[in-house]
There are 2 protein chains.
Amino acid sequence: MSLGTVSNVLNRPDRVSDRTRSKVERAMTELGFVRNESARQLRAGQSRVLAYVVLDASNPFFTDVAQGIELAADLSELSLFICNSNNSSTREEAYLDLLQQQRVQGILITPVDPGADFLNEVARRGTPLVIVDRVQKDLALCSVAVDDVLGGRVAVEHLIDRGHSRVAFVGGPLSIGQVEDRWRGAQQAWAEAGLPQDALVQLTTSALTVAEGRGAGERLAGMPARRRPTAAFCANDLVALGLLQQTIASGRRVPDDLAIVGYDDIEFASAAAVPLTSVRQPRQELGRTAAELVVDEATNPDHTHTQVTFTPELVARTSTLG
Amino acid sequence: MSLGTVSNVLNRPDRVSDRTRSKVERAMTELGFVRNESARQLRAGQSRVLAYVVLDASNPFFTDVAQGIELAADLSELSLFICNSNNSSTREEAYLDLLQQQRVQGILITPVDPGADFLNEVARRGTPLVIVDRVQKDLALCSVAVDDVLGGRVAVEHLIDRGHSRVAFVGGPLSIGQVEDRWRGAQQAWAEAGLPQDALVQLTTSALTVAEGRGAGERLAGMPARRRPTAAFCANDLVALGLLQQTIASGRRVPDDLAIVGYDDIEFASAAAVPLTSVRQPRQELGRTAAELVVDEATNPDHTHTQVTFTPELVARTSTLG
DNA sequence: TTGTAGGCGTTATCAT
DNA sequence: ATGATAACGCCTACAA
């Protein structure tokens, strides 16, 4: 019995006699043999792993996207590793290096900065990479995104429809592309309605978290009543939930004293103190599509880079409807 | 210029003359060279990666645990891969196989079934493994957990203190160890207060999700008023939020018509329709401690298996205090 | 059916 | 300062 035979037991069991095979198998379990994936991969040249480098693993929006990716990965019999960059460029780049070195089949990423050079660099070096939740301007990469400018528009148009003429945009930092787009959309809708520019107030937060939303609520409450907005459009649901919570806790009412629109329509939005009006993105589909694109890029020689854009949709609930 | 020199540029740059070194480095970036981690690892025998196999990536409780793990992993300069078993034993086992084969430094896992043989098997085969959020009965493994029986007790004691004498336990399936423990704790507190056994009603759900919580709310509402509990203790916050939402949506009031206690104290608990009383677990610390234990097991030859148990703490809010 | 040999990319040792 | 070489574990073509 030789080395090659053992390998055959693993890879072409039919070529091995029953007796030899069972003998080998017994030995394996007894000795606790575990295939060395590094060696296999070194020989094979590629792995059966996808990775999703996510901006914030604790934001339910991204875990839903991840679930969509998993769905598609399962169909292609690939495993998914989730890597949390936690909004840090440094961490993000470290993960990208590691994943390339591991020769994963493909990388999905919601990047801190979609303009960063090293993203294109990854693809140039041969690892398929798809941008999730951001459009890529230059067309050197695949991307799957939702039209955030449009999302910002529909949110603010809804508030205008409800009669609000003094509105706050709550979110930040603006260096986050998603935030900037939503803000731009908000401004467009505002301008088109012919409302005075200074009646759309920007309340910048330093992160898109519940805690920052609460803080914004305090700042809002501190404004003189005359200048105080009667409605707020938040850059995501976490901020909106924080704002909602702070507003109610301080004795003001939603939507009577302050109407609130969120963004993402995470599951908790409808379970909030006051069910939250929000701009829904097709989260799972975003993930599924992105995964299909990496797989295509990894396996189809005729792959062409594709930019998919989904359309967001306003879901109106009590927080604006009273 | 030979192969060995190139390797030296990468690993001991000081042994290479400046001219050669820069020449090699230039070539590398031009050609888009990427180190092959498989080959490195094959030679080195081990990797700089930890993995956390999590039960449900979309439950904020687990993402907070993961954040704790990341914190500790960073300190040891290890990367963390998050793998979502999504409550499936099959997926869980597939991930475990893959990770062992990849020779990761260590595995952290919140298992579907902490009694499963293959968990011990992993450790026996040489990959350090720590159980997170479950105690391990036999002491062959490290584990970090919270005393869920105690958690169940304090939750129900709190409700008894508030004067409730007919309480529902909402959660399931009971095959989930955490659920069973919390239910046991609830029963103990109930018995010790001398209350009639059948006044502690069990409302079983098929999963610990918001949707299941809503469903339980409907069943609760359907009970005849005489027998209907005046309070509910939910096996986790997701269920509690669903129940809360359904209760309010159907026009009943919390806590007047129904008091609710959740479990985990996730961030959304305090932002809920009615701020949720919940049993807090030290989530980040759970993760941090677990990571420290795997690292110890991986690096310290004198490592001894340790079972760490944390104590939960009741956080009383409006959903029980009115 | 079973055994043998070469090579995947990297690193460390040893010799130049 | 640089170059040659063996070894890590696995897989596969080929030989016996």
Side-chain angles (χ1 to χ4, degrees), chain A residues 1-49 77-79 94 96-105 121-122 124-127 298-299, chain B residues 1-49 77-79 94 96-105 122 124-127 298:
Chain A
M1 193 174 44
S2 86
L3 204 72
T5 306
V6 174
S7 177
N8 280 334
V9 171
L10 255 28
N11 302 298
R12 308 117 113 196
D14 41 315
R15 294 203 191 167
V16 181
S17 75
D18 283 8
R19 242 182 96 260
T20 320
R21 186 159 44 75
S22 59
K23 208 163 26 164
V24 172
E25 280 167 349
R26 187 146 22 87
M28 280 188 181
T29 50
E30 256 171 41
L31 301 175
F33 171 82
V34 178
R35 259 165 137 113
N36 186 322
E37 177 69 20
S38 300
R40 298 188 78 191
Q41 198 173 289
L42 176 58
R43 180 138 213 299
Q46 59 149 5
S47 76
R48 305 288 305 160
V49 171
E77 304 204 277
L78 297 168
S79 299
L96 284 177
D97 281 343
L98 177 59
L99 295 167
Q100 288 175 267
Q101 291 171 12
Q102 292 213 358
R103 301 292 190 272
V104 295
Q105 275 245 339
E121 201 51 23
V122 171
R124 199 178 69 78
R125 292 184 184 168
T127 305
T299 58
Chain B
M1 193 175 44
S2 86
L3 202 72
T5 306
V6 173
S7 175
N8 280 334
V9 171
L10 255 27
N11 302 299
R12 305 114 117 199
D14 41 314
R15 294 203 193 168
V16 182
S17 76
D18 282 8
R19 241 181 98 261
T20 321
R21 187 158 45 74
S22 60
K23 207 165 24 164
V24 171
E25 280 167 349
R26 187 147 21 87
M28 280 189 182
T29 51
E30 256 172 42
L31 301 175
F33 171 82
V34 179
R35 260 164 135 114
N36 187 320
E37 178 67 20
S38 300
R40 298 188 78 191
Q41 200 173 291
L42 176 58
R43 182 123 219 304
Q46 59 146 9
S47 76
R48 305 288 306 159
V49 171
E77 304 205 278
L78 296 168
S79 299
L96 284 177
D97 281 343
L98 177 58
L99 295 168
Q100 288 175 269
Q101 291 171 13
Q102 292 213 358
R103 302 289 190 272
V104 296
Q105 276 244 340
V122 171
R124 199 180 68 80
R125 292 184 183 168
T127 305

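A, B, ... follow the sequence lines: proteins, then strands. Residue 1 opens every chain.
Proximity note for T5(B) (side chain, C-beta onward) versus dG9(D), dT2(D), dC11(D): the nearest is dT2(D). The side chain of S7(A) sits closest to dC11(D) out of dT10(C), dT2(D), dC11(D). In the set dA4(D), dG9(D), dA1(D), the nucleotide with an atom closest to the side chain of S2(B) is dA4(D). Closest contact between the side chain of R12(B) and the listed nucleotides dA12(C), dT12(D), dC10(D) involves dA12(C). Side-chain proximity of R43(A) to the nucleotides dC8(C), dT10(C), dC8(D) is greatest for dC8(C). The listed nucleotides are dC10(D), dA1(D), dT2(C); the one nearest the side chain of A39(A) is dC10(D).
When heavy atoms are screened at a 4.0 angstrom cut-off, R19(B) is found touching no nucleic acid atom at all. If you check every strand for non-hydrogen atoms under 4.0 Å, S38(B) touches nothing. In this structure, R40(B) reaches the sugar-phosphate backbone alone: every heavy-atom distance under 4.0 Å involves primed, P, OP1 or OP2 atoms, never a base.
Residues Q46(A) and Q105(A) approach most closely at OE1-NE2, 2.7 Å, considering heavy atoms.
Tested against L10(A), the residues R40(A), R35(A), E25(A) include a single side-chain contact (heavy atoms from CB on, under 4.5 Å) partner, R35(A).
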Report the C-alpha distance between V49(A) and Q102(A) in whole Å, list the side-chain angles of each, state the deciding distance to 0.1 Å, and finish with yes or no for side-chain contact (heavy atoms from CB on, under 4.5 Å). CA-CA 9 Å; V49(A) 171; Q102(A) 292 213 358; over 6 Å; no
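Atoms CD (Q102(B)) and C1' (dG9(D)) sit 15 Å apart, rounded to a whole Å. Straight-line distance from the CG atom of N11(A) to the C1' atom of dG9(D): 12 Å, rounded to whole Å. Computed from coordinates, the N8(B) CG to dT13(C) C1' distance equals 11 Å when rounded to whole Å.
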